[in-house]
Undergrad: 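My structure is below; once you've seen it, I'll send some questions.
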Amino acid sequence: MALLQIAEPGQSTLPHQHKLSIGIDLGTTNSLVATVQSGLPTILKDKDDHVLIPSVVHYGKNITHVGHDALPFLLTDAKNTIVSVKRFMGQSLNHIQYKDALPYEFDETSQDIQLKTEQGIKHPIEVSADILKKLKTMAEVSLCGEVTAAVITVPAYFDDTQRQATKDAAKLAGLNVLRLINEPTAAAVAYGLDQKKEGTFIIYDLGGGTFDISILKLHQGVFEVLATNGHPHLGGDDFDQAIAEMIKKTCSLNQLNHEDKRSLIMEAKKIKESLSTHPDVTAKFTLSNGKDIVFTLNRDTFILETNDLVQKTIQPIKRALSDAKLPITSIDGVVMVGGATRMPHIQSEIKTFFKQEPLNNLNPDEVVALGASRQAHTLAGNKSDQDLLLLDVTPLSLGIETMGGLVEKIIHRNSTIPVAKAQEFTTFKDGQTAMSIHVLQGERERVSDCRSLANFTLTDIPPMVAGSAKIRVAFQIDADGLLSVSARELSTNKETSVTVKPSYGLSEEQMIHMLTQSFENAEEDKKIRALSEAKIEGEQIITAVQNALHKDGKHLLTQDEIKDIQNAIYTLSSSLKESDADLIIGLTKNLNALTESFASKLMDQSVGNALKGKSIDKVNL
Ligand code: ADP
Ligand code: MG
């Protein structure tokens with residue numbers, strides 16, 4: 001080692017000593033990761049400077065591609081390329097709309113969604129975990145440190161099962177979830193609305209394939225979800241479809257194969273995105289039969305042709321306002337979220353509807369991740385006085401089944417979480433010694449209209465006359481909105497409890513199996529750590545050598561030596577942009593070796609300076 005650097009105790013920059021927190025927007029179409037750097041929420045980029053990571057996973061024979069790398073397989077291997085997996089989270093197979101139109105092969109013998117891929121059966125939670133792993137790795141490379149803690153966002157209407165599924169995915173990806181927060185809440189936080197005292201806000205979120213409206217009321221640091229509405233199949237994709245139809249009509253394209261249909265949609269998407277900043281756009285591309293297509297579209301025609309889609313977003317806003325019993329005039333702010341809100345006619349329509357300028361100075365596809373990173377930063381313990389810890393509310397009521405197939409609500413929707421509530425019940429038969437507790441979620445009165453979350457039985461109730469046993473059922477929801485339920489017979493104090501494991505989530509065995517598999521992938525994680533350590537060491541030696549050359553070292557070297565060292569610095573610094581740890585380590589060693597004699601000359605010089613004019617006994621060596 002030619003040049004040594006000594007760090008202050010406790011100030012070491014070794015990567016594994018960093019504990020970094022991130023915010024993740026795990027989107028249907030795109031996912032993002034952000035962190036707070038020098039007090040500012042910042043979106044992190046991958047090595048190619050992308051901020052949006054397509055939520056797409058391709059399972060090839062021996063290799064998994066995630067994000068941009070997975071996109072080409074949409075054309076060539078659709079069956080093994082999973083898109084919009086968020087729609088499958090916490091759902092059973094019979095919940096899926098348009099199942100037959102999807103290119104996937106499902107395991108029809110299971111109630112659970114199981115996708116048959118080249119790499120065997122994949123559960124949606126595993127697919128989401130692969131996206132989360134990619135984001136975690138991206139953050140680790142970008143921040144040169146180990147990321148363990150994250151805040152992940154979920155739609156406000158996600159129920160317990162969908163939230164649990166998201167948490168399980170994070171666990172599989174090796175992420176410690178500090179909190180799941182609602183997407184609209186995160187968007188409001190990104191705009192600093194949580195710093196206000198009170199207010200009622202609308203979050204208008206038009207993504208790739210989903211449209212969500214949320215009305216949030218802020219009251220003393222608590223965001224209450226007053227209403228949610230939207231459309232599960234409306235988003236930027238529909239505008240792409242509309243442009244594709246225009247191209248087909250104008251260019252008389254009738255019979256298109258699968259590949260051409262896909263490329264047509266991709267071209268249409270490019271045109272749409274470009275029209276947000278250009279008054280007209282011309283696309284040129286070639287079909288698989290060699291036919292060249294040239295198509296020009298101007299913004300006015302685009303606006304005219306897609307006006308019905310824009311209008312489709314207005315109805316849900318009206319419904320949400322009416323559910324919350326609020327007039328338009330009571331809305332204090334409108335937050336624009338989702339890439340599709342970049343379209344100017346969406347902006348102007350919303351401005352006209354609410355008679356106010358919407359909040360849109362942050363990138364609409366980044367706001368959710370930015371807000372999440374702020375919460376992660378606060379929860380990781382970097383809390384300042386102005387940074388209030390956000391509280392959320394439970395989106396749906398929770399209760400248990402009582403006689404006659406009815407639901408008795410124990411925790412009502414919009415209760416601030418964490419929350420614990422209990423209620424007493426009794427037996428309905430003489431001598432009844434067991435009671436079955438059926439936990440449900442939903443707003444409806446009848447069991448059949450609510451979602452069943454869990455079933456368990458309290459046994460050993462002492463036989464008594466009907467109506468005299470006292471059974472206390474307690475519900476507890478933690479800060480992530482996840483529920484545990486216990487039942488206690490009060491005369492014997494016998495208690496039975498369950499942490500509610502959703503019906504369509506993962507079984508304990510599945511989870512263990514997947515975790516074991518993910519440990520097997522630990523090799524990949526080690527490589528990433530080695531890479532970031534190598535990069536740091538490389539950067540440190542470059543800085544040290546450059547400093548020495550700039551100061552007073554240059555005259556100690558010949559022109560050739562200087563040239564060799566500068567060349568070595570150049571190749572090492574270029575390699576830092578690559579992801580090859582061995583190459584970086586090799587080039588770092590090379591620079592070290594080249595500067596070895598330089599370092600000893602420097603040392604001699606400084607010892608010489610220190611000795612100058614002093615007698616040997618005055619020198620402390
Ligand atoms: P999601 O929340 O569903 O994951 P995003 O918020 O990332 O999705 O939105 C994706 C959608 O935004 C896509 O349909 C994409 O084409 C659209 N989009 C992105 N940039 C623009 C733009 N400049 N103009 C119009 N639409 C855009
Ligand atoms: Mg989104």
Side-chain angles (χ1 to χ4, degrees), residues 23-34 43 50-57 66-68 71 74 82-89 127-128 131-132 134-135 152-158 166 181-188 190 203-214 228 230-244 264-279 281 283 297 299 302-303 305-306 309-310 313 335-350 360 362-372:
I24 291 178
D25 170 5
L26 186 59
T28 311
T29 319
N30 295 305
S31 297
L32 297 91
V33 54
I43 298 283
H50 294 123
V51 294
L52 295 176
I53 302 304
S55 306
V56 182
V57 183
V66 184
H68 292 277
L71 289 181
L74 282 173
I82 321 296
V83 294
S84 304
V85 72
K86 190 172 174 179
R87 292 189 191 280
F88 298 161
M89 293 290 272
V127 183
S128 279
I131 300 170
L132 288 171
K134 166 93 183 180
L135 298 171
I152 302 179
T153 58
V154 289
Y157 56 78
F158 253 29
T166 309
I181 65 170
N182 288 334
E183 286 162 12
T185 308
I203 318 296
Y204 179 103
D205 182 352
L206 192 64
T210 51
F211 172 54
D212 298 323
I213 275 291
S214 317
T228 61
H231 198 301
H233 290 277
L234 177 65
D237 297 350
D238 296 281
F239 293 75
D240 305 343
Q241 196 65 49
I243 296 177
L264 189 63
I265 289 285
M266 285 180 185
E267 289 299 327
K269 182 172 166 160
K270 276 194 236 158
I271 298 174
K272 172 194 73 178
E273 294 183 359
S274 192
L275 278 176
S276 293
T277 40
H278 299 86
V281 176
L297 184 62
R299 195 186 283 162
F302 175 56
I303 292 175
E305 294 287 329
T306 54
L309 292 172
V310 180
T313 69
V335 180
M336 300 301 264
V337 182
T341 63
R342 287 177 193 259
M343 287 184 280
H345 56 318
I346 299 264
Q347 296 279 343
S348 59
E349 189 67 33
I350 294 309
N360 58 6
L362 295 174
N363 284 335
D365 27 25
E366 295 179 359
V367 284
V368 169
L370 291 172

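Start at 1 with the first residue, then count along the sequence. Order of listing sets the numbers, starting from 1, for every ligand and every atom in it.
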Undergrad: Treating Thr306 as the side-chain partner and Phe302 as the backbone partner, does any N or O pair qualify as donor plus acceptor under 3.5 Å?
TA: yes
Undergrad: Which atoms of ligand 1 sit under 4.0 Å from any heavy atom of Gly338?
TA: 6 (O)
Undergrad: With a 4.5 Å limit on heavy-atom distance, are the side chains of Val56 and Val66 in contact?
TA: no
Undergrad: Report the nearest protein non-hydrogen atom to atom 14 (O) of ligand 1: residue, atom name, distance rounded to 0.1 Å.
TA: Lys272 NZ, 3.0 Å
Undergrad: Which residue and non-hydrogen atom of the protein lie closest to atom 2 (O) of ligand 1, and at what distance in Å?
TA: Gly207 CA, 4.0 Å
Undergrad: Taking the side chain as every heavy atom from C-beta outward, state whether Ile271 and Ile243 have any pair of such atoms under 4.5 Å apart.
TA: yes
Undergrad: Asn363 versus Leu370: any side-chain heavy-atom pair under 4.5 Å?
TA: no
Undergrad: For Lys269, counting its heavy atoms only, list the atoms of ligand 1 lying under 4.0 Å from any of them.
TA: 16 (O)
Undergrad: Looking only at protein heavy atoms, which one is nearest to atom 3 (O) of ligand 1, and how far off is it?
TA: Thr29 OG1, 2.8 Å
Undergrad: Please write down residue, atom name and distance for the protein heavy atom closest to atom 7 (O) of ligand 1.
TA: Asn30 ND2, 2.8 Å
Undergrad: Who's the nearest protein heavy-atom neighbour of atom 8 (O) of ligand 1, and how far?
TA: Gly208 N, 3.4 Å
Undergrad: Does Ala340 come within less than 4.0 Å of ligand 1, judged by its heavy atoms?
TA: yes
Undergrad: For atom 23 (N) of ligand 1, what's the nearest protein heavy atom and its distance?
TA: Arg342 CD, 3.2 Å
Undergrad: If the cut-off is 4.0 Å to any non-hydrogen atom of Gly27, which atoms of ligand 1 fall inside it?
TA: 4 (O)
Undergrad: Are side-chain N/O atoms of Thr210 and His233 paired as donor and acceptor at under 3.5 Å?
TA: no
Undergrad: Check Lys269, Lys272, Glu305 against Phe239 for a side chain to side chain contact (heavy atoms under 4.5 Å, CB included) and give me the one that passes.
TA: Lys272
Undergrad: Just by distance, with hydrogens left out, do Ser84 and Thr28 show a side-chain donor and acceptor under 3.5 Å apart?
TA: no
Undergrad: Please state which option from Glu273, Glu366, Met343 has its nearest heavy atom closest to atom 15 (C) of ligand 1.
TA: Glu273
Undergrad: So which heavy atom on Pro184 is nearest to which on Ala156, and how close?
TA: CG-CB, 3.9 Å
Undergrad: Looking at atom 6 (O) of ligand 1, what's its closest protein heavy atom, distance included?
TA: Gly339 N, 2.9 Å
Undergrad: Counting non-hydrogen protein atoms only, what is the nearest one to atom 25 (C) of ligand 1? Give residue, atom name and distance.
TA: Ser276 OG, 3.3 Å
Undergrad: Under 4.0 Å from a heavy atom of Gly236: give me the atoms of ligand 1 that qualify, with their elements.
TA: 14 (O)
Undergrad: Quick one about Tyr204 and Thr341 (side-chain donor to acceptor, distance below 3.5 Å, no hydrogens or angles considered), yes or no?
TA: no
